[in-house]
Asks: 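Sharing a structure here in structure tokens format.
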There are 2 protein chains.
Amino acid sequence: MKISTKGRYGLTIMIELAKNYGEGPTSLKSIAQANDLSEHYLEQLIAPLRNAGLVKSIRGAYGGYILSDVPSKITAGDVIRVLEGPITPVEGIEDEEPAKRELWIRIRDAIKGVLDNTTLEDLANHRDDEEVEGYMFYI
Amino acid sequence: MKISTKGRYGLTIMIELAKNYGEGPTSLKSIAQANDLSEHYLEQLIAPLRNAGLVKSIRGAYGGYILSDVPSKITAGDVIRVLEGPITPVEGIEDEEPAKRELWIRIRDAIKGVLDNTTLEDLANHRDDEEVEGYMFYI
DNA sequence: CAAATGCCTATCAAAATACTATGAAATGAA
DNA sequence: TTCATTTCATAGTATTTTGATAGGCATTTG
């Protein structure tokens, strides 16, 4: 029931690229340093994002990565699906007994509703005073 | 981003107990056979459910397990929390940068909304013709 | 050419997952 | 009382996933 560091760090990368959108390429090194992450590990995460066409790379000195599209056109769901696989609380929903299948579908759709309606623009322009309240409790 | 067999089989057990509620104890053996699961494995899953007070056990021949409360008072969230831990898409939401923190909170609350509003009664009495439509697509 | 950067492959330790194995303890029925 | 049934407890284990680390080649800029 968890999103691993793949999805989390992948989102971190994409949010940084969104912040720098229109200002030329951003190197993984700078993202790794700014977020205290392993550059080598981020390389492994951005490879699938590049293969999926979400980012473009520019090789060589002063190279780096840029988003393939405007931040408002790329969603958190796009990123998570590439790095974590299909959004679903269980493998093979179809094989489940109907009562449970319906439960998994409801959960899946709830998660999809959030991820597919949150864009990189939303995340990059987040205003910290718009915080959700009471997030600490009733886990 | 997945619920493991712990949570899934745990729910299976609890739904079976809900179906038999009021009719004496149900053995794990019968649940394991009916669902083609390892009885030994189910034993390991029901131990935390017993410790959490969700089920009561009756030892010895013709023993088994019964729900500690009526099926309408136990939710899927109760079961999942015991077997999978707190409902949250990431560990340590508080430590995340605000934009991502808010995303995780929205996902968490969406999942909680489903799990805490689905009771064992709902699951045990599920009518298969009330199925959600279009669940196959747009994963 | 040198430095910076992306690209590629391999390796690996730790944790989680999904069981399996063994046997003791309790209980009801014969 | 004896036996089958069932829970209870602990340990072991194979496989996969996670979260990296290492080394080096390829490309581009200054």
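All values reported here derive from a predicted model rather than from experimental measurement. Proteins get letters first, then strands, A, B, ... in listed order; numbering begins at 1 in each.
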Asks: With DNA chain C as reference, determine whether A/Asn51 or A/Gly63 sits nearer its 5' end, using the nearest nucleotide of each.
Replies: A/Gly63
Asks: So does B/Gly53 get a backbone contact from the side chain of B/Ser68, meaning a donor-acceptor N/O pair under 3.5 Å?
Replies: yes
Asks: Answer yes or no: is there an ion pair linking B/Asp78 with B/Lys73, defined by an N-O contact shorter than 4.0 Å?
Replies: no
Asks: Taking the side chain as everything from C-beta on, heavy atoms only, tell me whether B/Asp109 gets closer than 4.5 Å to B/Lys112.
Replies: yes
Asks: Side-chain donor-acceptor pairs under 3.5 Å in residues 33-46 of chain B, sequence neighbours left out?
Replies:
{"unit_1": "B/Asn35", "atom_1": "ND2", "unit_2": "B/Glu16", "atom_2": "OE2", "d": "3.0"}
{"unit_1": "B/Asn35", "atom_1": "ND2", "unit_2": "B/Ile31", "atom_2": "O", "d": "2.9"}
{"unit_1": "B/Ser38", "atom_1": "OG", "unit_2": "B/His40", "atom_2": "N", "d": "3.3"}
{"unit_1": "B/Ser38", "atom_1": "OG", "unit_2": "B/Tyr41", "atom_2": "N", "d": "3.0"}
{"unit_1": "B/His40", "atom_1": "ND1", "unit_2": "B/Glu43", "atom_2": "OE1", "d": "3.4"}
{"unit_1": "B/Tyr41", "atom_1": "OH", "unit_2": "B/Thr5", "atom_2": "OG1", "d": "3.0"}

Asks: First and last nucleotide of DNA chain D in contact with chain A, 5' to 3', at under 4.0 Å to a heavy atom: what are they?
Replies: D/dT18 to D/dT29
Asks: Taking only heavy atoms on the protein side, list every residue of residues 27-37 of chain B lying under 4.0 Å from any atom of DNA chain D, sorted numerically.
Replies: B/Ser27, B/Leu28, B/Lys29
Asks: At under 4.0 Å between heavy atoms, which parts of nucleotides 17-30 of chain C does protein reach? Answer with one letter per nucleotide, 5' to 3': B base, S sugar-phosphate only, - none.
Replies: SBBBBB--BBBSS-
Asks: Checking the side chain of B/Arg8 only, and the main-chain atoms of B/Ile3 only, is there a donor and an acceptor separated by less than 3.5 Å?
Replies: yes
Asks: Check which hydrophobic residues are tied to A/Tyr62 through side-chain heavy-atom contacts below 4.5 Å, counting indirect links as well, and list them.
Replies: none
Asks: Testing the basics here: between B/Asp116 and B/Thr75, what is the closest heavy-atom pair and its distance to 0.1 Å?
Replies: O-CG2, 3.5 Å
Asks: Please report the shortest heavy-atom distance between B/Tyr65 and B/Leu17, naming the atom on each side.
Replies: O-CD2, 3.5 Å
Asks: Under 4.5 Å side-chain heavy-atom separation, chaining through any Ile, Leu, Val, Met, Phe, Trp or Tyr, what else clusters with A/Ile58? Say none if it is isolated.
Replies: A/Ile66
Asks: If we ignore hydrogens and angles and just use 3.5 Å, is the side chain of B/Asp122 paired with the main-chain N or O of B/Thr119 as donor and acceptor?
Replies: yes
